[in-house]
Each structure stands twice: as C-alpha cells, then as structure tokens.
2 protein chains.
Amino acid sequence: MTEPPWLSERELDAWLAYLTASHLLERRIEEQLKADAGLTHPQYEILTRLSSAPGQRMRMTELARLVVVSKSGLTYQIGQLEKAGLVERAACPSDERGIMAVLTGEGMRCLERTAPGHLAVVRAFLIDHFGPDELTSMTRIMRKAAAAMGAAVPPPAGEAGPHTPGPRT
Amino acid sequence: MTEPPWLSERELDAWLAYLTASHLLERRIEEQLKADAGLTHPQYEILTRLSSAPGQRMRMTELARLVVVSKSGLTYQIGQLEKAGLVERAACPSDERGIMAVLTGEGMRCLERTAPGHLAVVRAFLIDHFGPDELTSMTRIMRKAAAAMGAAVPPPAGEAGPHTPGPRT
DNA sequence: TACGGTTTGTTCAAATTTGAACCATGCGCT
DNA sequence: AGCGCATGGTTCAAATTTGAACAAACCGTA
C-alpha cells in the first residue's frame with residue numbers, strides 16, 4: 001500500500017460515477033421487475049441462482065452466500081417465494097438440520113417469462129455501454145474485487161487453487 | 001438495437017461479477033461506516049454531497065436526486081442526521097416551500113474524521129483493482145450509463161448538450 | 001458413548017425504504 | 001386578481017433487511 005489512503009480526483013470521479021450509476025440501475029431493475037413480474041430484485045436473484053443449481057435446489061446458507069444477503073433475510077424471502085408458489089422447501093438428505101430451497105416448475109416458468117425483460121434492462125442501461133475489451137476488463141476486475149472481499153466466485157474456467165467443492169460433474 | 005434482448009455468456013459473466021462485487025462492496029462499506037462512525041452508507045452520501053455543495057447546503061429534492069433516494073427516504077434520513085446534530089434544516093430564501101438541508105460544523109468534522117477510513121475501503125476493494133486506463137474507461141462508461149438513466153450528472157468538464165437547468169447563478 | 005465447540009436455520013425487535021395521499025406554495029394565463 | 005396545474009416536503013402504512021438470541025443437529029475426541 002504505497003497509495004495514499006484517500007482518493008485522487010480521477011479516482012473519486014470514477015467512484016462517484018460508479019456509485020450513481022449503480023444506484024440508478026438498481027432502481028430501474030427494481031421498477032421493471034416489480035411491474036412485469038411482481039418480484040423484487042433479491043427475489044429474482046434467488047430464482048436465477050436456484051435455476052442454475054444442480055437439481056434446481058440449494059442449501060439455505062449457500063444460497064444466502066451467493067446472493068449476498070443475511071441468513072434471516074433469505075429465510076424471509078424464501079417464505080415469500082414459497083407463498084407465491086415459486087419455491088419449495090425440502091429436507092436435506094445429507095444433513096438433518098439442512099433445508100433445501102427448491103425451484104418449482106412454476107418458479108422456472110416465471111423466470112423464463114421474466115428474464116428477457118430483465119436482461120434487456122441490464123443490457124440497455126449497463127452492458128451496452130461497454131466495448132468488447134472493456135467488458136472483459138470489467139469482468140476480470142469485478143471478479144478480483146469480489147474475490148478480495150471473500151466471494152464464493154468460481155474462477156473463469158479451468159484453474160486449480162483451493163477450489164470450491166462446486167456442483168461440477 | 002440489433003443486439004438480442006438476452007445476454008451472451010460473456011455478458012452474463014460480466015453482469016454476475018458486477019452484481020456480486022457490488023453487493024459485497026456495499027456490505028463492506030456499510031460495516032465500516034457503522035463501526036467507525038455510526039453512519040449508514042446513505043447517510044454518509046448525504047453528508048458528502050452537502051459538503052461539496054455551495055454553502056454546504058442543498059434543497060431536499062435536489063439532494064434526493066443526487067443521492068438517488070426517494071423523497072420520503074430523504075426526509076427520514078435528514079431527520080436522523082438532524083437528531084445527531086450533523087445536519088440542520090433551514091428555510092429556502094427563494095422559495096417559501098423549499099427546505100435547505102445544511103451541513104453543520106459538527107457534520108463537517110464528522111465527515112473529515114470518517115472519510116479516510118471509508119475511502120480506504122473503497123480503494124482497497126474496488127479502485128485498486130483498476131489500472132489507470134481501466135479507471136478512465138469505467139468513469140466514462142458509468143457516466144454514460146448514468147446519463148442514460150436520467151442522472152443529474154454534469155459532464156466531465158466543458159460541454160454543451162441539452163444541459164440541465166442546473167443551480168447556476 | 002458422552003462432551004464441548006460449530007454450524008444451520010428460524011424467530012424477534014428495531015431500523016430503513018418506498019409509494020401514495022396530502023397540504024402549501026409557485027407559476028402561467030386569462 | 002383569480003384559476004388550474006405542477007412542485008416541494010411530510011406523513012403514513014406496508015414491506016424489507018439486519019443482527020442477536022436460540023434450539024437442533026454435526027463432529028472430533030476423550
């Protein structure tokens with residue numbers, strides 16, 4: 001850390017631009033999801049994470065880590081999604097304490113119906129502003145940043161490392 | 001829009017990396033501010049915006065736009081900050097309806113005391129992962145994105161365009 | 001097998017956020 | 001001046017989020 005603890009003007013500009021854009025994007029996303037599917041963004045994130053998990057199911061704690069939400073927060077949202085019929089709770093075979101959150105058929109259909117509109121927003125307001133190289137840079141940078149903050153983010157593709165027990169296979 | 005409405009795998013990777021990193025960063029920031037200053041991130045943002053406004057004061061609505069928070073949300077937070085003695089409300093000279101949120105001396109000192117720790121987090125977990133060119137790209141991209149979403153973001157320096165009626169004069 | 005330390009998920013209270021409803025004031029036009 | 005509509009802030013109820021406290025189940029070791 002030879003850098004000063006504060007930020008240069010260029011860095012501050014970058015940070016402020018990021019901050020504003022991310023807030024605005026979150027708003028747009030929230031608005032679109034609410035209008036088109038009656039979902040909140042956290043709920044949508046839960047559904048997508050489940051949809052790409054083996055068996056469309058995942059342990060509560062692991063899911064909370066992926067979505068970056070508190071345990072109690074996830075308990076609440078899974079309750080909501082259960083009421084909506086998009087998710088079910090199932091016992092965990094290997095661990096008596098564990099609960100699996102399982103995406104229902106209806107949940108999957110809801111996701112298929114909702115994803116295009118959602119991704120269109122993400123594309124229009126964020127992704128389309130990146131050139132190809134910039135997109136690559138950003139992916140790499142954000143992965144590094146996430147890793148530095150202790151994310152459960154599997155590396156790009158092939159790689160050794162401590163590697164998570166991940167749902168490979 | 002010749003692009004498909006959905007995202008390619010590369011784009012999706014970028015989006016997921018961004019999403020995870022931004023969530024984690026928000027967490028870290030919230031944690032640091034709470035521990036070191038008893039502030040939430042929105043509160044800190046309000047203080048900084050006020051500190052760099054002429055007269056350390058700003059109209060409620062304008063402030064809400066900058067911080068990207070609802071009007072009622074701002075009313076609430078200004079109330080909290082007022083209780084803490086960091087902000088005061090003052091009448092608006094030019095508009096009888098208007099309220100100016102004003103940063104107090106104590107508020108300014110709180111900010112000076114808190115900023116280094118906060119910016120250190122921003123630097124360590126986000127900014128330091130960018131190279132110089134990448135930082136520039138990101139600033140440009142995020143400004144474009146924010147503008148596309150209707151931000152109150154003044155362009156880099158001199159520039160014409162439709163230009164906001166801004167608080168000039 | 002019994003014991004201590006972990007991990008899991010839920011419950012609970014408290015804080016925060018949002019949008020709708022609501023007055024009060026400003027502003028353009030007649 | 002008088003009207004009609006847009007703006008500025010607050011109030012209110014409802015939804016969401018978090019951390020702390022808890023009970024149950026796991027695990028390694030004696």
Side-chain angles (χ1 to χ4, degrees), chain A residues 22-24 26-35 37-46 57-84 87-102 152 165, chain B residues 22-24 26-35 37-46 57-84 87-102 152 164-165 167:
Chain A
S22 64
H23 284 344
L24 287 170
E26 186 58 31
R27 268 206 163 191
R28 294 296 187 121
I29 288 174
E30 206 72 56
E31 170 187 25
Q32 185 271 328
L33 285 175
K34 192 75 75 184
L39 292 174
T40 65
H41 192 197
Q43 287 171 348
Y44 180 88
E45 287 187 71
I46 289 171
R57 69 192 57 213
M58 204 178 291
R59 288 286 293 269
M60 293 293 280
T61 297
E62 169 70 352
L63 183 52
R65 242 195 317 271
L66 276 186
V67 181
V68 189
V69 75
S70 67
K71 283 186 304 172
S72 48
L74 183 63
T75 295
Y76 174 77
Q77 285 300 1
I78 291 294
Q80 296 302 106
L81 292 170
E82 214 172 10
K83 276 199 275 183
V87 164
E88 284 173 351
R89 274 181 232 248
C92 178
S94 62
D95 188 335
E96 189 61 33
R97 306 167 293 179
I99 299 282
M100 309 287 297
V102 188
Chain B
S22 63
H23 285 341
L24 288 170
E26 186 58 30
R27 270 211 160 185
R28 294 297 187 121
I29 289 175
E30 206 71 57
E31 170 187 25
Q32 185 271 327
L33 285 175
K34 194 72 78 184
L39 291 174
T40 65
H41 192 197
Q43 288 171 349
Y44 180 88
E45 287 188 69
I46 289 171
R57 71 193 54 215
M58 205 178 290
R59 287 287 293 270
M60 294 292 282
T61 298
E62 169 71 351
L63 184 51
R65 242 197 314 272
L66 276 185
V67 181
V68 189
V69 74
S70 66
K71 284 188 302 173
S72 49
L74 183 61
T75 294
Y76 174 78
Q77 285 299 2
I78 291 294
Q80 296 302 107
L81 292 170
E82 215 171 10
K83 277 198 274 185
V87 163
E88 285 174 350
R89 274 180 231 248
C92 178
S94 62
D95 189 334
E96 188 61 31
R97 305 167 293 180
I99 299 281
M100 309 287 297
V102 187
T164 53

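Sequence lines set the chain letters: A, B, ... in the order given, protein chains first and strands last, and positions in each chain run from 1. Just so it is clear, the structure is predicted and the values come from calculations on it, not from any experiment.
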*Whole angstrom value for the distance that separates C1' of C/dT17 from CZ of A/R27*: 10 Å
_What I want to check is whether an N or O donor and acceptor connect the side chain of A/S72 with the base of D/dG19 at under 3.5 Å._
yes
*asked:* I want to check one thing: is the phosphate of D/dG8, taken as OP1 and OP2, less than 4.0 Å away from some side-chain N or O of B/R89?
replied: no
_Whichever of A/V68 and A/S94 has its nearest DNA chain D nucleotide further upstream toward 5'_ = A/V68
*Check whether any side-chain heavy atom of A/L74 sits under 4.5 Å from a side-chain heavy atom of A/V67, and report yes or no.*
no
*asked:* At 4.0 Å (heavy atoms only), tell me whether A/T75 reaches a base, stays on the sugar-phosphate, or touches nothing.
replied: base
*asked:* With a 4.0 Å cut-off on N to O distance, would you call B/R27 and B/E30 a salt bridge?
replied: no
*asked:* Side chain of A/T61 only, heavy atoms from C-beta on: which candidate in C/dT8, C/dT25, D/dG9 is closest?
replied: C/dT8
*Find the distance B/Y44:OH to C/dT16:P and express it as a whole number of Å.*
18 Å
*Nearest-Å distance, CG (B/L81) to P (C/dT17)?*
11 Å
*Could you give the CD-to-P distance, from A/E62 to C/dG9, as a whole number of Å?*
10 Å
_A/Q43 side chain near A/L33 side chain, heavy-atom distance below 4.5 Å_ = no
*To the nearest Å, how far apart are B/E96 CD and D/dA6 P?*
22 Å
_I need the CD1-P distance between B/I78 and C/dT17, as an integer number of Å._
12 Å
*Starting at atom CE of A/M100, determine the distance to atom C1' of C/dG9, rounded to an integer number of angstrom.*
14 Å
*Side chain of B/I99 (C-beta onward), nearest among D/dT16, D/dG9, D/dG19*: D/dG9
*Of the candidate nucleotides D/dT16, C/dG26, C/dT16, which contains the atom at the shortest distance from the side chain of A/Q77?*
D/dT16
_Among D/dT18, D/dA15, C/dT10, the nucleotide that comes nearest once only the side chain of A/Y76 is considered_ = D/dA15
*Let me know the distance between CZ of A/R59 and P of C/dT10, rounded to the nearest Å.*
11 Å
*State which of D/dA25, C/dG9, D/dT10 makes the closest approach to the side chain of B/M60.*
D/dT10
*Are any non-hydrogen side-chain atoms of A/L63 and A/V69 less than 4.5 angstrom apart?*
no
*Name the closest nucleotide to the A/Q80 side chain, picking from D/dT16, D/dT18, D/dG9.*
D/dT16
_Result of checking B/E26, B/Q32, B/E31 against B/H41 for side chain to side chain contact (heavy atoms under 4.5 Å, CB included)_ = B/E26
*Nearest-neighbour nucleotide for the A/P42 side chain, D/dT10, D/dT17, C/dA24 considered*: D/dT17
_5' priority, DNA chain D, between A/T40 and B/G98 [closest heavy atom]_ = B/G98
*Can you tell if the side chain of B/R59 reaches within under 4.5 Å of the side chain of B/I99, non-hydrogen atoms only?*
no
*Among the nucleotides C/dG26, C/dT16, D/dA24, which one has an atom lying closest to any side-chain atom of B/R97?*
C/dG26
